[in-house]
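Step one of this worksheet: look at the structure below.
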Amino acid sequence: MTHTMLRWWAAGCLALLGSVAVAQGTPVADPAVSPAAQATPAASAAALALPDANETNAQRARTQPYNNAPFWRAVRESGQQSGISNLPGAEKGVLIQQFVQYPGSRFTTAGEAWREVRNRWIIPYGGALLLIVVVAIGLFFLAKGPIGVHAPDTGRKIERFTYFERAAHWSNAVAFVALAVSGVVMAFGKFFLLPVIGGTLFGWLAYALKNLHNFAGPVFAVSLVIVFFTFVRDNLPRKEDLLWLAKGGGLFNGAHVPSHRFNAGEKLIFWGGVFALGIVVVGSGLVLDKLIPGLAYTRGDMQIAHMIHAVATVLMMAMFLGHIYLGTIGMKGAYRAMRDGQVDAAWAREHHELWYDDIQAGKIPAQRTPSPTPAAGTQGAAVQS
(Lines give C-alpha, C1' and ligand atoms only; values in the text may rest on other atoms or scores of the structure.)
Protein backbone atom coordinates (compact mmCIF):
# COMPACT_ATOMS: atom_id res chain seq x y z
CA MET A 1 0.00 0.00 0.00
CA THR A 2 1.51 3.34 -1.04
CA HIS A 3 1.87 6.34 1.23
CA THR A 4 -0.78 8.22 -0.79
CA MET A 5 -3.35 5.49 -0.22
CA LEU A 6 -2.50 5.42 3.48
CA ARG A 7 -3.08 9.15 3.73
CA TRP A 8 -6.45 8.79 1.97
CA TRP A 9 -7.46 5.95 4.30
CA ALA A 10 -6.48 7.97 7.40
CA ALA A 11 -8.38 11.02 6.19
CA GLY A 12 -11.49 8.92 5.55
CA CYS A 13 -11.34 7.41 9.05
CA LEU A 14 -11.02 10.86 10.60
CA ALA A 15 -13.97 12.13 8.61
CA LEU A 16 -16.11 9.15 9.66
CA LEU A 17 -15.18 9.57 13.31
CA GLY A 18 -15.94 13.25 13.08
CA SER A 19 -19.44 12.70 11.69
CA VAL A 20 -20.25 10.12 14.37
CA ALA A 21 -18.96 12.38 17.09
CA VAL A 22 -20.97 15.35 15.85
CA ALA A 23 -24.10 13.21 15.79
CA GLN A 24 -23.43 12.24 19.41
CA GLY A 25 -22.56 15.81 20.47
CA THR A 26 -18.86 15.03 21.13
CA PRO A 27 -16.19 17.43 19.84
CA VAL A 28 -13.45 15.91 17.72
CA ALA A 29 -9.96 17.31 17.48
CA ASP A 30 -9.00 18.56 14.08
CA PRO A 31 -5.25 18.15 13.47
CA ALA A 32 -5.34 21.07 11.07
CA VAL A 33 -6.57 23.46 13.77
CA SER A 34 -4.48 24.57 16.74
CA PRO A 35 -5.51 23.38 20.22
CA ALA A 36 -6.22 26.95 21.27
CA ALA A 37 -8.68 27.47 18.44
CA GLN A 38 -10.37 24.20 19.22
CA ALA A 39 -10.97 25.20 22.82
CA THR A 40 -12.78 28.47 22.12
CA PRO A 41 -16.11 28.77 23.97
CA ALA A 42 -18.12 29.44 20.81
CA ALA A 43 -16.90 26.29 19.12
CA SER A 44 -17.48 24.21 22.23
CA ALA A 45 -21.00 25.62 22.69
CA ALA A 46 -21.93 24.88 19.11
CA ALA A 47 -20.60 21.34 19.32
CA LEU A 48 -22.25 20.60 22.68
CA ALA A 49 -25.68 22.20 21.96
CA LEU A 50 -28.51 19.96 23.17
CA PRO A 51 -32.04 19.94 21.73
CA ASP A 52 -34.76 21.80 23.60
CA ALA A 53 -38.16 20.11 23.59
CA ASN A 54 -39.92 23.49 23.74
CA GLU A 55 -38.27 24.88 20.64
CA THR A 56 -40.31 25.64 17.58
CA ASN A 57 -39.28 24.25 14.24
CA ALA A 58 -37.93 27.69 13.24
CA GLN A 59 -35.78 27.87 16.39
CA ARG A 60 -34.56 24.32 15.88
CA ALA A 61 -33.49 25.22 12.35
CA ARG A 62 -31.01 27.70 13.86
CA THR A 63 -29.74 25.68 16.82
CA GLN A 64 -29.71 22.25 15.15
CA PRO A 65 -30.13 22.42 11.40
CA TYR A 66 -31.76 19.37 9.75
CA ASN A 67 -33.29 18.27 13.07
CA ASN A 68 -37.05 18.68 12.44
CA ALA A 69 -38.26 16.90 15.57
CA PRO A 70 -40.72 19.66 16.58
CA PHE A 71 -42.38 19.50 13.18
CA TRP A 72 -42.85 15.72 13.20
CA ARG A 73 -43.91 15.81 16.85
CA ALA A 74 -46.67 18.24 15.89
CA VAL A 75 -47.70 15.95 13.03
CA ARG A 76 -47.89 12.95 15.34
CA GLU A 77 -49.85 14.81 17.99
CA SER A 78 -52.14 16.72 15.63
CA GLY A 79 -55.03 14.52 16.74
CA GLN A 80 -54.81 16.08 20.20
CA GLN A 81 -53.66 19.56 19.18
CA SER A 82 -54.59 20.71 15.68
CA GLY A 83 -51.87 22.30 13.62
CA ILE A 84 -52.08 25.34 11.38
CA SER A 85 -52.95 24.91 7.71
CA ASN A 86 -54.37 27.06 4.92
CA LEU A 87 -56.17 24.08 3.37
CA PRO A 88 -59.98 23.92 3.66
CA GLY A 89 -61.77 21.12 5.45
CA ALA A 90 -63.22 20.04 8.79
CA GLU A 91 -59.89 18.59 9.96
CA LYS A 92 -57.44 20.71 8.01
CA GLY A 93 -54.98 20.85 10.91
CA VAL A 94 -55.11 17.12 11.76
CA LEU A 95 -52.74 14.90 9.82
CA ILE A 96 -52.77 11.88 12.16
CA GLN A 97 -55.95 11.07 14.09
CA GLN A 98 -56.05 10.66 17.82
CA PHE A 99 -55.62 7.30 19.52
CA VAL A 100 -58.82 5.33 20.14
CA GLN A 101 -59.90 1.73 20.69
CA TYR A 102 -62.94 0.63 18.73
CA PRO A 103 -64.59 -2.68 19.72
CA GLY A 104 -62.42 -5.35 18.13
CA SER A 105 -59.31 -3.19 17.73
CA ARG A 106 -56.27 -2.43 19.80
CA PHE A 107 -55.45 1.03 21.18
CA THR A 108 -54.05 2.83 18.16
CA THR A 109 -54.76 5.75 15.85
CA ALA A 110 -58.40 6.01 14.79
CA GLY A 111 -57.60 5.27 11.16
CA GLU A 112 -55.64 2.13 12.02
CA ALA A 113 -58.31 1.03 14.52
CA TRP A 114 -60.99 1.39 11.83
CA ARG A 115 -58.87 -0.64 9.40
CA GLU A 116 -58.43 -3.40 11.98
CA VAL A 117 -62.17 -3.64 12.66
CA ARG A 118 -62.98 -3.71 8.95
CA ASN A 119 -60.33 -6.20 7.86
CA ARG A 120 -60.30 -8.48 10.90
CA TRP A 121 -63.99 -8.58 11.82
CA ILE A 122 -66.48 -7.10 9.37
CA ILE A 123 -65.04 -8.53 6.16
CA PRO A 124 -64.28 -12.12 7.26
CA TYR A 125 -67.23 -12.66 9.60
CA GLY A 126 -69.68 -10.73 7.44
CA GLY A 127 -68.67 -12.68 4.36
CA ALA A 128 -68.88 -15.96 6.30
CA LEU A 129 -72.40 -15.12 7.50
CA LEU A 130 -73.66 -14.41 3.99
CA LEU A 131 -72.00 -17.56 2.66
CA ILE A 132 -73.54 -19.67 5.45
CA VAL A 133 -77.00 -18.29 4.72
CA VAL A 134 -76.66 -18.97 0.99
CA VAL A 135 -75.45 -22.54 1.60
CA ALA A 136 -78.21 -23.17 4.16
CA ILE A 137 -80.87 -21.96 1.73
CA GLY A 138 -79.42 -24.14 -1.02
CA LEU A 139 -79.40 -27.23 1.20
CA PHE A 140 -82.96 -26.52 2.34
CA PHE A 141 -84.13 -26.21 -1.26
CA LEU A 142 -82.43 -29.48 -2.23
CA ALA A 143 -83.96 -31.27 0.74
CA LYS A 144 -87.49 -29.82 0.69
CA GLY A 145 -87.95 -28.28 -2.73
CA PRO A 146 -90.42 -25.47 -3.31
CA ILE A 147 -93.38 -25.21 -0.97
CA GLY A 148 -96.51 -25.92 -2.96
CA VAL A 149 -100.27 -26.13 -2.49
CA HIS A 150 -101.84 -29.50 -1.83
CA ALA A 151 -105.30 -28.59 -3.08
CA PRO A 152 -105.87 -27.92 -6.81
CA ASP A 153 -106.50 -24.39 -8.02
CA THR A 154 -110.09 -23.27 -7.80
CA GLY A 155 -109.91 -20.61 -10.49
CA ARG A 156 -111.22 -18.00 -8.05
CA LYS A 157 -108.79 -15.13 -7.55
CA ILE A 158 -108.09 -13.00 -4.50
CA GLU A 159 -106.22 -9.73 -4.71
CA ARG A 160 -103.23 -10.04 -2.41
CA PHE A 161 -101.40 -6.84 -3.39
CA THR A 162 -102.74 -3.67 -4.98
CA TYR A 163 -100.95 -1.73 -7.72
CA PHE A 164 -99.61 0.76 -5.20
CA GLU A 165 -98.34 -1.97 -2.85
CA ARG A 166 -96.55 -3.71 -5.69
CA ALA A 167 -95.04 -0.48 -6.98
CA ALA A 168 -93.72 0.34 -3.51
CA HIS A 169 -92.34 -3.16 -3.03
CA TRP A 170 -90.63 -3.38 -6.43
CA SER A 171 -89.11 0.09 -6.13
CA ASN A 172 -87.60 -0.88 -2.82
CA ALA A 173 -86.57 -4.32 -4.08
CA VAL A 174 -84.74 -2.98 -7.15
CA ALA A 175 -82.92 -0.38 -5.05
CA PHE A 176 -82.00 -3.05 -2.50
CA VAL A 177 -80.58 -5.39 -5.14
CA ALA A 178 -78.52 -2.55 -6.64
CA LEU A 179 -77.16 -1.67 -3.20
CA ALA A 180 -76.52 -5.28 -2.23
CA VAL A 181 -74.67 -6.20 -5.42
CA SER A 182 -72.56 -3.04 -5.43
CA GLY A 183 -71.85 -3.37 -1.71
CA VAL A 184 -70.77 -7.01 -2.01
CA VAL A 185 -68.44 -6.20 -4.92
CA MET A 186 -66.87 -3.24 -3.12
CA ALA A 187 -66.43 -5.15 0.15
CA PHE A 188 -65.62 -8.68 -1.03
CA GLY A 189 -64.93 -8.31 -4.75
CA LYS A 190 -61.15 -8.29 -4.41
CA PHE A 191 -61.33 -11.86 -3.09
CA PHE A 192 -63.54 -13.52 -5.71
CA LEU A 193 -63.76 -11.07 -8.65
CA LEU A 194 -60.40 -9.31 -8.90
CA PRO A 195 -58.42 -12.50 -9.64
CA VAL A 196 -60.85 -13.35 -12.45
CA ILE A 197 -61.27 -10.07 -14.35
CA GLY A 198 -58.02 -8.30 -13.45
CA GLY A 199 -57.21 -5.01 -11.79
CA THR A 200 -58.14 -2.64 -14.61
CA LEU A 201 -61.63 -3.97 -15.24
CA PHE A 202 -62.26 -4.45 -11.55
CA GLY A 203 -61.26 -0.85 -10.87
CA TRP A 204 -63.70 0.51 -13.46
CA LEU A 205 -66.45 -1.83 -12.21
CA ALA A 206 -65.93 -0.85 -8.57
CA TYR A 207 -65.96 2.84 -9.52
CA ALA A 208 -69.22 2.47 -11.46
CA LEU A 209 -70.86 0.43 -8.71
CA LYS A 210 -69.73 2.93 -6.08
CA ASN A 211 -71.59 5.70 -7.92
CA LEU A 212 -74.61 3.43 -8.41
CA HIS A 213 -74.53 2.72 -4.68
CA ASN A 214 -74.54 6.42 -3.82
CA PHE A 215 -77.51 7.18 -6.08
CA ALA A 216 -79.54 4.07 -5.19
CA GLY A 217 -79.19 4.75 -1.47
CA PRO A 218 -81.63 7.69 -1.30
CA VAL A 219 -84.11 5.78 -3.51
CA PHE A 220 -83.94 2.86 -1.11
CA ALA A 221 -84.42 5.17 1.88
CA VAL A 222 -87.55 6.84 0.46
CA SER A 223 -89.09 3.60 -0.80
CA LEU A 224 -88.37 1.91 2.53
CA VAL A 225 -90.41 4.55 4.35
CA ILE A 226 -93.28 4.06 1.87
CA VAL A 227 -93.11 0.27 2.28
CA PHE A 228 -93.21 0.59 6.05
CA PHE A 229 -96.34 2.72 6.18
CA THR A 230 -97.98 0.69 3.42
CA PHE A 231 -97.69 -2.67 5.18
CA VAL A 232 -97.40 -1.77 8.87
CA ARG A 233 -101.06 -2.39 9.67
CA ASP A 234 -101.03 -6.01 8.51
CA ASN A 235 -97.69 -6.65 10.22
CA LEU A 236 -98.82 -5.79 13.74
CA PRO A 237 -98.22 -8.76 16.10
CA ARG A 238 -101.13 -11.04 16.94
CA LYS A 239 -101.56 -13.90 19.38
CA GLU A 240 -101.72 -16.43 16.51
CA ASP A 241 -98.13 -15.52 15.62
CA LEU A 242 -96.87 -17.29 18.74
CA LEU A 243 -98.26 -20.61 17.50
CA TRP A 244 -96.67 -20.05 14.10
CA LEU A 245 -93.29 -19.41 15.71
CA ALA A 246 -93.61 -22.40 18.03
CA LYS A 247 -94.18 -24.69 15.04
CA GLY A 248 -91.59 -22.98 12.84
CA GLY A 249 -94.26 -22.14 10.31
CA GLY A 250 -94.36 -25.79 9.28
CA LEU A 251 -91.26 -25.29 7.14
CA PHE A 252 -89.51 -28.39 8.46
CA ASN A 253 -92.33 -30.84 9.19
CA GLY A 254 -94.81 -29.70 6.54
CA ALA A 255 -97.51 -28.99 9.12
CA HIS A 256 -100.15 -26.46 8.21
CA VAL A 257 -100.02 -23.42 10.53
CA PRO A 258 -102.81 -20.82 10.10
CA SER A 259 -101.78 -17.18 9.77
CA HIS A 260 -103.20 -13.82 8.83
CA ARG A 261 -102.22 -11.87 5.71
CA PHE A 262 -98.58 -11.99 6.81
CA ASN A 263 -97.24 -14.80 8.98
CA ALA A 264 -94.91 -14.39 11.96
CA GLY A 265 -91.81 -15.02 9.84
CA GLU A 266 -92.74 -12.22 7.48
CA LYS A 267 -93.45 -9.97 10.45
CA LEU A 268 -90.01 -10.68 11.92
CA ILE A 269 -88.43 -9.62 8.64
CA PHE A 270 -90.64 -6.54 8.55
CA TRP A 271 -89.87 -5.34 12.07
CA GLY A 272 -86.29 -6.61 12.26
CA GLY A 273 -85.14 -5.96 8.70
CA VAL A 274 -87.34 -3.20 7.31
CA PHE A 275 -87.87 -1.20 10.50
CA ALA A 276 -84.95 -1.73 12.93
CA LEU A 277 -82.11 -2.45 10.53
CA GLY A 278 -83.67 -0.10 8.00
CA ILE A 279 -83.31 2.84 10.37
CA VAL A 280 -79.66 1.98 11.06
CA VAL A 281 -78.77 1.32 7.43
CA VAL A 282 -80.48 4.41 6.08
CA GLY A 283 -79.22 6.68 8.86
CA SER A 284 -75.59 5.58 8.55
CA GLY A 285 -75.84 5.65 4.76
CA LEU A 286 -77.07 9.22 4.76
CA VAL A 287 -74.09 10.14 6.94
CA LEU A 288 -71.71 8.46 4.50
CA ASP A 289 -73.38 10.34 1.63
CA LYS A 290 -73.05 13.57 3.65
CA LEU A 291 -76.76 14.30 3.31
CA ILE A 292 -77.54 15.07 6.96
CA PRO A 293 -77.10 18.79 7.70
CA GLY A 294 -75.25 20.03 10.74
CA LEU A 295 -72.63 17.27 10.97
CA ALA A 296 -68.92 18.05 10.80
CA TYR A 297 -68.22 14.87 8.77
CA THR A 298 -64.84 14.30 10.34
CA ARG A 299 -62.85 11.18 9.57
CA GLY A 300 -63.84 9.72 12.93
CA ASP A 301 -67.54 10.31 12.19
CA MET A 302 -67.24 8.63 8.80
CA GLN A 303 -65.30 5.66 10.20
CA ILE A 304 -67.91 5.00 12.89
CA ALA A 305 -70.74 5.43 10.36
CA HIS A 306 -69.01 3.01 7.99
CA MET A 307 -68.62 0.30 10.65
CA ILE A 308 -72.25 0.64 11.74
CA HIS A 309 -73.43 0.68 8.11
CA ALA A 310 -71.40 -2.40 7.17
CA VAL A 311 -72.60 -4.50 10.11
CA ALA A 312 -76.25 -3.50 9.65
CA THR A 313 -76.24 -4.11 5.90
CA VAL A 314 -74.71 -7.57 6.28
CA LEU A 315 -77.41 -8.50 8.79
CA MET A 316 -80.11 -7.02 6.55
CA MET A 317 -78.86 -8.95 3.52
CA ALA A 318 -78.78 -12.17 5.56
CA MET A 319 -82.42 -11.65 6.59
CA PHE A 320 -83.62 -10.58 3.16
CA LEU A 321 -81.96 -13.57 1.48
CA GLY A 322 -84.52 -15.80 3.18
CA HIS A 323 -87.33 -13.45 2.16
CA ILE A 324 -86.12 -13.38 -1.45
CA TYR A 325 -85.86 -17.18 -1.51
CA LEU A 326 -89.42 -17.73 -0.27
CA GLY A 327 -90.73 -15.00 -2.55
CA THR A 328 -89.21 -16.53 -5.69
CA ILE A 329 -88.31 -20.22 -5.96
CA GLY A 330 -89.01 -21.26 -2.38
CA MET A 331 -92.80 -21.04 -2.49
CA LYS A 332 -94.98 -21.67 -5.50
CA GLY A 333 -97.26 -18.77 -6.33
CA ALA A 334 -95.48 -16.22 -4.10
CA TYR A 335 -93.64 -14.47 -6.95
CA ARG A 336 -96.77 -14.39 -9.11
CA ALA A 337 -98.65 -12.79 -6.22
CA MET A 338 -96.23 -9.86 -6.13
CA ARG A 339 -95.98 -9.71 -9.91
CA ASP A 340 -99.69 -9.83 -10.77
CA GLY A 341 -101.24 -9.07 -7.39
CA GLN A 342 -103.58 -12.09 -7.53
CA VAL A 343 -103.53 -15.49 -5.82
CA ASP A 344 -105.83 -18.47 -6.11
CA ALA A 345 -108.28 -19.11 -3.31
CA ALA A 346 -106.64 -22.49 -2.65
CA TRP A 347 -103.24 -20.79 -2.17
CA ALA A 348 -104.74 -18.23 0.20
CA ARG A 349 -106.52 -20.91 2.24
CA GLU A 350 -103.42 -23.11 2.63
CA HIS A 351 -100.76 -20.46 3.33
CA HIS A 352 -102.79 -17.73 5.07
CA GLU A 353 -105.91 -19.43 6.34
CA LEU A 354 -106.89 -16.74 8.88
CA TRP A 355 -106.63 -14.07 6.19
CA TYR A 356 -108.76 -16.22 3.89
CA ASP A 357 -111.35 -16.69 6.67
CA ASP A 358 -111.61 -12.91 7.10
CA ILE A 359 -112.25 -12.59 3.37
CA GLN A 360 -114.88 -15.29 3.57
CA ALA A 361 -116.54 -13.50 6.47
CA GLY A 362 -116.62 -10.24 4.50
CA LYS A 363 -114.20 -8.42 6.82
CA ILE A 364 -111.74 -7.92 3.97
CA PRO A 365 -112.79 -7.43 0.33
CA ALA A 366 -111.55 -10.05 -2.06
CA GLN A 367 -110.72 -7.34 -4.61
CA ARG A 368 -109.58 -4.02 -3.15
CA THR A 369 -108.72 -2.46 -6.50
CA PRO A 370 -111.84 -1.33 -8.40
CA SER A 371 -112.33 -3.28 -11.61
CA PRO A 372 -112.68 -1.26 -14.84
CA THR A 373 -115.83 -3.23 -15.69
CA PRO A 374 -117.08 -4.79 -12.46
CA ALA A 375 -119.57 -7.58 -12.81
CA ALA A 376 -122.91 -7.01 -11.13
CA GLY A 377 -122.99 -8.23 -7.56
CA THR A 378 -119.36 -9.33 -7.49
CA GLN A 379 -117.49 -6.19 -6.44
CA GLY A 380 -116.10 -6.65 -2.93
CA ALA A 381 -117.97 -9.93 -2.47
CA ALA A 382 -116.51 -12.77 -0.48
CA VAL A 383 -114.92 -15.70 -2.27
CA GLN A 384 -117.01 -18.81 -2.07
CA SER A 385 -115.42 -22.03 -0.88
Side-chain angles (χ1 to χ4, degrees), residues 130 133 137 157-187 205 208-236 261-263 265-292 305 308-310 312-331 333-343 351-352 355 364 367-372:
L130 294 178
V133 171
I137 290 175
K157 298 298 181 181
I158 298 176
E159 186 178 35
R160 181 155 176 80
F161 300 109
T162 65
Y163 291 116
F164 180 81
E165 290 171 340
R166 282 180 283 153
H169 174 273
W170 283 116
S171 299
N172 187 252
V174 171
F176 172 80
V177 171
L179 292 171
V181 172
S182 57
V184 167
V185 171
M186 288 188 291
L205 178 63
L209 290 178
K210 187 265 292 183
N211 286 280
L212 173 65
H213 198 92
N214 291 340
F215 283 102
V219 176
F220 177 77
V222 174
S223 61
L224 195 70
V225 173
I226 297 175
V227 165
F228 175 78
F229 287 105
T230 300
F231 296 106
V232 64
R233 179 180 178 182
D234 290 321
N235 277 283
L236 295 175
R261 187 187 180 196
F262 299 116
N263 57 47
E266 292 171 311
K267 291 179 180 180
L268 285 177
I269 293 177
F270 180 85
W271 290 106
V274 175
F275 180 72
L277 289 175
I279 292 176
V280 179
V281 168
V282 170
S284 57
L286 294 177
V287 173
L288 294 174
D289 275 345
K290 298 183 178 181
L291 296 178
I292 297 181
I308 295 175
H309 189 75
T313 51
V314 167
L315 294 177
M316 176 181 278
M317 284 190 289
M319 292 187 69
F320 282 10
L321 280 172
H323 174 73
I324 294 172
Y325 164 72
L326 291 175
T328 53
I329 64 174
M331 178 179 291
Y335 173 76
R336 186 170 61 249
M338 185 55 71
R339 185 193 66 187
D340 302 330
Q342 304 288 330
V343 295
H351 293 302
H352 299 274
W355 175 60
I364 302 174
Q367 299 293 328
R368 291 176 292 150
T369 300
S371 175

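Quick caveat, the model's predicted, so the values are computed rather than measured.
Residues F275 and L224 are not in side-chain contact: their nearest non-hydrogen atoms beyond the backbone lie 4.5 Å or more apart. Counting heavy atoms from C-beta on, the side chains of W271 and L236 come closer than 4.5 Å. Taking 4.5 Å as the limit, every side-chain heavy atom of Q342 sits out of range of all side-chain heavy atoms of I158. In this structure the side chain of F164 never reaches within 4.5 angstrom of the side chain of T369, judged on heavy atoms.
One finds the CZ atom of R233 at 10.0 Å from the CZ atom of R261 (value rounded to the nearest 0.5 Å). The NZ atom of K157 lies 8.5 Å from the CG atom of D340; values are rounded to the nearest 0.5 Å. Note that CZ of F231 and NE2 of H169 are 7.0 Å apart. Values are rounded to the nearest 0.5 Å. To the nearest 0.5 Å, atom CZ of residue R160 and atom NE2 of residue H351 are 9.5 Å apart. Taken from CG in N235 to CD1 in I269, the straight-line distance is 10.0 Å, to the nearest 0.5 Å. Rounded to the nearest 0.5 angstrom, K267 NZ and D234 CG are separated by 8.0 Å.
Under the 3.5 Å distance criterion, the side-chain polar atoms of W355 are left unmatched by any main-chain donor or acceptor of N263.
The aromatic rings of H323 and F320 sit tilted relative to each other, their planes meeting at an angle between 30° and 60°.
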Please report, to 0.1 Å, the donor-acceptor pairs under 3.5 Å made by any side chain of residues 173-187, with sequence neighbours excluded.
| from | atom 1 | to | atom 2 | distance (Å) |
| --- | --- | --- | --- | --- |
| S182 | OG | A178 | O | 2.7 |
| S182 | OG | L179 | O | 3.1 |
| S182 | OG | H213 | ND1 | 2.7 |

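Contact between T313 and A310 at its shortest, heavy atoms only, is OG1-O, 2.9 Å. The two residues M319 and G273 come nearest to each other via the heavy atoms CE-N, 3.8 Å. The heavy-atom pair separating A168 from V227 by the smallest distance is O-CG2, 3.5 Å. Of all non-hydrogen atoms in V281 and M316, the two that sit nearest each other are CG2-CE, 4.0 Å. What you find for I292 and G283 is that their closest heavy atoms are CD1-O, 4.0 Å.
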| request: Report the C-alpha distance between V232 and F270 in whole Å, list the side-chain angles of each, state the deciding distance to 0.1 Å, and finish with yes or no for side chain to side chain contact (heavy atoms under 4.5 Å, CB included). | output: CA-CA 8 Å; V232 64; F270 180 85; 4.0 Å; yes
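Applying the 6.0 Å contact sphere to CZ of R339 captures more than 12 heavy atoms from other residues, nucleotides or ligands.
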